[in-house]
Each structure stands twice: as C-alpha cells, then as structure tokens.
Amino acid sequence: MENADDILDSNDSATIESSDVYNQRHEEAQSRREEAVAERLEGENRLRERIGTSALKFVWRQLLVSDVIVGAYVLAMLFMRREVPEGIIVGWMTATVVETIGIIWVIARSLFPFRDERRDRDAEGDRRRG
C-alpha cells in the first residue's frame, strides 16, 4: 500500500494532473468560503446600521413623548396655580438621562463588542467567542 506523500511525490502525468485538479478545486473552495464570510460580514454591517438607526429613532421618539407629557403636566400645574413637585422634575430628568445613556450603551456594546482579554463572554452570552 502506497503512502499519500509517495503518491503526491510521484512523477507520472496522471498523478500530476490529479494533483493540479485537487489544488484547483481546493483553491476554488477556499475562495468560495472567503466570499461567503465576506458576504456574511457585509450583511451583519448592514443589519447593525439598520438596528442602530432604528433604535436611535425609537429613543428620540420616546424622549419626545416623555418631554411632551411632562411639559403638559408642568403647564397644567402652572395653569392651576399649583407648585410643581420637585420630585417630578428630578425623576423625569434622571430617568431621561439614565434611559438615554443606557440604551445607547446597550446598542454600542451589541454592535461593537469589546475584543480584549477583560471581556466577560459568559456574561454577554456570546456563543461565537469572537
């Protein structure tokens, strides 16, 4: 029984031709794999852009609605000549700031995960380990 290296080292034309065919097929398969990876990455980037844009639009709309509701409340209190409770304003401002920073942080972390040694992959639930 011949060793695979002996066959590849053989000088007969059939072996050389089959080796060339094998190498060509291997290169084509490698090229198709690389193209598939590139297409997947391009698709992920398009999806990231879509999700990021949609999320930011949602945050903007939610903050606008919150501002309108609190503004209407403050105007109603002023119209009724009542004092606007301090806790309402502090709570509204705190919630707005925390919500904005939190949502943008989550979006940024999911779109652009850290790739360093301190990354906590178990906490992130990252199955790709990339």
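What you see below is based on every heavy atom in this structure, not just the backbone, and it leaves out hydrogens, waters and symmetry mates.
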> Following the transitive rule for hydrophobic clusters with a side-chain heavy-atom cut-off under 4.5 Å over Ile, Leu, Val, Met, Phe, Trp and Tyr, establish whether V70 and M80 coincide in one cluster.
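Same cluster: V70 reaches M80 through Ile, Leu, Val, Met, Phe, Trp or Tyr contacts under 4.5 Å.
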> Does atom CD of E83 have more than 12 heavy-atom neighbours from other groups under 6.0 Å away?
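No.
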> Rounded to the nearest 0.5 Å, what's the gap from CD on E27 to CD on E34? Could you check?
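These two atoms lie 10.5 Å from each other.
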> Examine distances only and state if a side-chain atom of T94 and a backbone atom of V90 form a donor-acceptor pair shorter than 3.5 Å.
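Looks like yes, one N/O pair under 3.5 Å.
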> Could you check whether atom CE of M77 has more than 12 heavy atoms from other residues, nucleotides or ligands sitting under 6.0 Å from it?
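More than 12 within 6.0 Å, yes.
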> State yes or no: do I88 and V74 share one hydrophobic cluster built from I, L, V, M, F, W and Y residues joined by side-chain heavy-atom distances below 4.5 Å, directly or via other members?
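Yes, same cluster.
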> Does atom CD of Q30 have more than 12 heavy-atom neighbours, drawn from other residues, nucleotides or ligands, at distances under 6.0 Å?
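Yes, CD of Q30 has more than 12 neighbouring heavy atoms, counting only those of other groups under 6.0 Å.
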> Counting heavy atoms not belonging to E99, are there more than 12 under 6.0 Å from its CD?
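Yes, enclosed.
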> Shared ILVMFWY cluster between M93 and L78, side chains joined below 4.5 angstrom?
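Shared cluster, yes.
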> Count the heavy atoms of every other residue, nucleotide or ligand shown that sit under 6.0 Å from CZ of R33, and state whether that count exceeds 12.
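Buried by this count: over 12 neighbours within 6.0 Å.
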> Which distance, rounded to the nearest 0.5 Å, do you find between the CD of Q62 and the CG of D67?
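Answer rounded to 0.5 Å: 10.5 Å.
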> Do I69 and L63 land in one hydrophobic cluster if side-chain heavy atoms of ILVMFWY residues count as linked below 4.5 Å?
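No, I69 does not connect to L63 through the hydrophobic network.
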> Calculate, to the nearest 0.5 Å, the distance between atoms CZ and CZ belonging to R46 and R50 respectively.
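It is 10.5 Å, given to the nearest 0.5 Å.
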> In Å and rounded to the nearest 0.5 Å, what is the OG to NE2 distance from S31 to H26?
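That separation rounds to 11.5 Å.
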> Can you tell me how far CD of E28 sits from CD of E35, rounded to the nearest 0.5 angstrom?
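Output value for this atom pair is 10.5 Å.
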> Between T96 and T100, what is the shortest heavy-atom contact and its length?
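In this case the closest contact between T96 and T100 is O-OG1, 2.8 Å.
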> Between I104 and V59, is there a side-chain heavy-atom distance shorter than 4.5 Å?
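Result no, sub-4.5 Å side-chain heavy-atom pair not found.
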